[in-house]
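For reference, the structure is listed below as structure tokens.
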Amino acid sequence: MRVLEEKHISMKDAAAKAESLRSLSKKIITTNGCFDLLHVGHLNYLREARAMGDLLWVGLNADASVRALKGPTRPLQSETTRSLHLAALEAVDFVTLFFETTPEVFLEKVKPWIHVKGGDYQGRDLPERSVVERGGGSIRCVAFTEGFSTTSLIERIKLL
């Protein structure tokens with residue numbers, strides 16, 4: 001459990017941790033999301049994002065922000081459980097919980113070299129783009145793994 005705890009960085013400590021990593025010339029890659037039920041699509045996405053730099057830092061939507069985005073029946077798992085699942089993955093170096101519906105506050109503190117979004121965001125006007133670019137970073141989209149989504153898993157379970 002100790003290793004998992006070391007992967008959790010509070011929002012309060014995020015800026016200082018990011019600055020210390022940048023002072024070591026580390027290329028910080030970020031992504032964000034709800035990660036309610038981890039599936040193959042998430043795993044592919046996180047591995048691909050991690051390969052773009054020296055470390056992957058995930059901004060995780062807190063329970064209240066997931067409800068605001070997905071509705072009153074979500075998340076299915078608590079922010080603590082979702083955070084532990086992410087921290088247990090080899091591809092993930094750090095996890096920070098954020099309470100807003102979009103990750104601008106998280107990204108303002110971390111100032112990533114690259115912020116990664118899934119292919120389903122390709123071509124969209126992302127609210128976080130200006131924050132990432134102002135911090136000197138860029139946004140990249142990775143391919144979406146067809147057939148895998150938390151929403152589709154929930155629908156399949158409902159049919160059982």
Side-chain angles (χ1 to χ4, degrees), residues 3-4 6-62 65-66 68-70 74-75 77 79 82-153:
V3 170
L4 298 184
E6 291 171 5
K7 286 187 167 189
H8 289 90
I9 308 296
S10 71
M11 189 66 85
K12 180 180 88 101
D13 296 333
K17 180 67 174 181
E19 185 54 41
S20 99
L21 292 165
R22 276 191 301 281
S23 75
L24 299 170
S25 300
K26 297 293 183 183
K27 292 181 178 172
I28 301 170
I29 309 302
T30 58
T31 192
N32 69 280
C34 301
F35 299 97
D36 203 0
L37 290 177
L38 282 179
H39 52 70
V40 170
H42 289 134
L43 299 177
N44 290 340
Y45 165 78
L46 292 168
R47 269 195 314 267
E48 193 170 340
R50 174 61 178 82
M52 292 181 191
D54 296 316
L55 60 102
L56 177 61
W57 195 330
V58 177
L60 180 66
N61 289 79
S65 67
V66 174
L69 290 166
K70 307 283 186 176
R74 301 278 297 275
Q77 301 187 90
E79 59 197 36
R82 293 180 291 118
S83 182
L84 286 169
H85 286 171
L86 287 168
L89 298 175
E90 185 178 341
V92 175
D93 295 284
F94 301 110
V95 178
T96 295
L97 199 62
F98 68 91
F99 298 88
E100 303 77 19
T101 56
T102 57
E104 288 95 338
V105 173
F106 164 69
L107 295 169
E108 184 72 41
K109 291 179 181 288
V110 176
K111 293 180 178 52
W113 184 57
I114 297 172
H115 182 62
V116 179
K117 298 299 281 186
D120 50 335
Y121 285 91
Q122 191 78 36
R124 285 193 195 174
D125 186 27
L126 299 170
E128 59 263 41
R129 180 176 299 282
S130 63
V131 170
V132 171
E133 291 175 351
R134 192 170 50 247
S138 64
I139 292 188
R140 297 224 186 118
C141 290
V142 297
F144 183 72
T145 305
E146 290 296 327
F148 293 95
S149 76
T150 300
T151 302
S152 67
L153 284 171

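As the structure is a computational prediction, the values presented were derived from the model and not from experiment.
Thr102 and Glu100 share no side-chain donor-acceptor pair at under 3.5 Å. A donor-acceptor pair shorter than 3.5 Å cannot be found between the side chains of His115 and Thr31.
Of all heavy-atom pairs between Ala49 and Leu56, the closest is CB-CD1, 4.0 Å. Closest approach of Pro75 and Asp36 over heavy atoms only: CA-OD2, 3.3 Å. When every heavy atom of Ile28 is checked against every heavy atom of Ala18, the shortest pair comes out as CD1-O, 3.8 Å.
Looking only at side-chain heavy atoms (C-beta outward), Ile114 and Lys27 stay at 4.5 Å or farther from each other. Side-chain contact between Leu38 and Leu86 is present, with heavy atoms from C-beta onward closer than 4.5 Å. At least one side-chain heavy atom of Leu126 sits under 4.5 Å from a side-chain heavy atom of Ile139. Side-chain contact between Leu21 and Trp57 is present, with heavy atoms from C-beta onward closer than 4.5 Å. Counting heavy atoms from C-beta outward, Leu60 and Asn32 have side chains that stay 4.5 Å or more apart. Between Val58 and Thr96 there is no side-chain heavy-atom pair separated by less than 4.5 Å. Side-chain atoms of Phe94 and Lys17, non-hydrogen and from C-beta on, do get closer than 4.5 Å to each other.
Under the 3.5 Å distance criterion, the side-chain polar atoms of Tyr45 are left unmatched by any main-chain donor or acceptor of Ala143. For the pair Lys7 (side chain) and Ala87 (backbone), a donor-acceptor distance under 3.5 Å is present. Without hydrogens or angle criteria, Arg22 side chain to Val110 main chain gives a donor-acceptor distance under 3.5 Å. A distance-only check finds a donor-acceptor pair linking the side chain of Arg82 to the backbone of Cys34 [under 3.5 Å].
Between the OG atom in Ser138 and the CD atom in Glu133 there is a gap of 8.0 Å [rounded to 0.5 Å]. Within the model, atoms NZ of Lys12 and NZ of Lys109 stand 10.5 Å from one another, a figure rounded to the nearest 0.5 Å. Put simply, CG on Leu84 and CG on Leu89 are 11.0 Å apart, with the number rounded to the nearest 0.5 Å. Note that the CZ atom of Arg134 and the CD atom of Glu104 stand 9.0 Å from one another [nearest 0.5 Å]. One distance of note links CD of Glu48 with CZ of Arg140; it measures 10.5 Å at 0.5 Å rounding. Interatomic distance, CG of Asp93 versus OG1 of Thr30, reported as 12.5 Å (0.5 Å rounding).
Of the listed residues (Val131, Leu107, Ile29), just one forms a side-chain contact (heavy atoms from CB on, under 4.5 Å) with Pro112, and that residue is Leu107.
Ring-plane geometry between Phe98 and Phe106 is classed as parallel, the angle between the planes falling under 30 degrees on a 0 to 90 degree scale with a further cut at 60.
Here the two rings, on His85 and Phe35, have centers that are 6.0 Å apart or farther.
Under a 4.0 Å N-O distance rule, the pair Glu90/Arg50 does not qualify as a salt bridge.
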Fill in: Worked check of side chain to side chain contact (heavy atoms under 4.5 Å, CB included) between Val142 and Met52
CA-CA 11 Å; Val142 297; Met52 292 181 191; 3.3 Å; yes
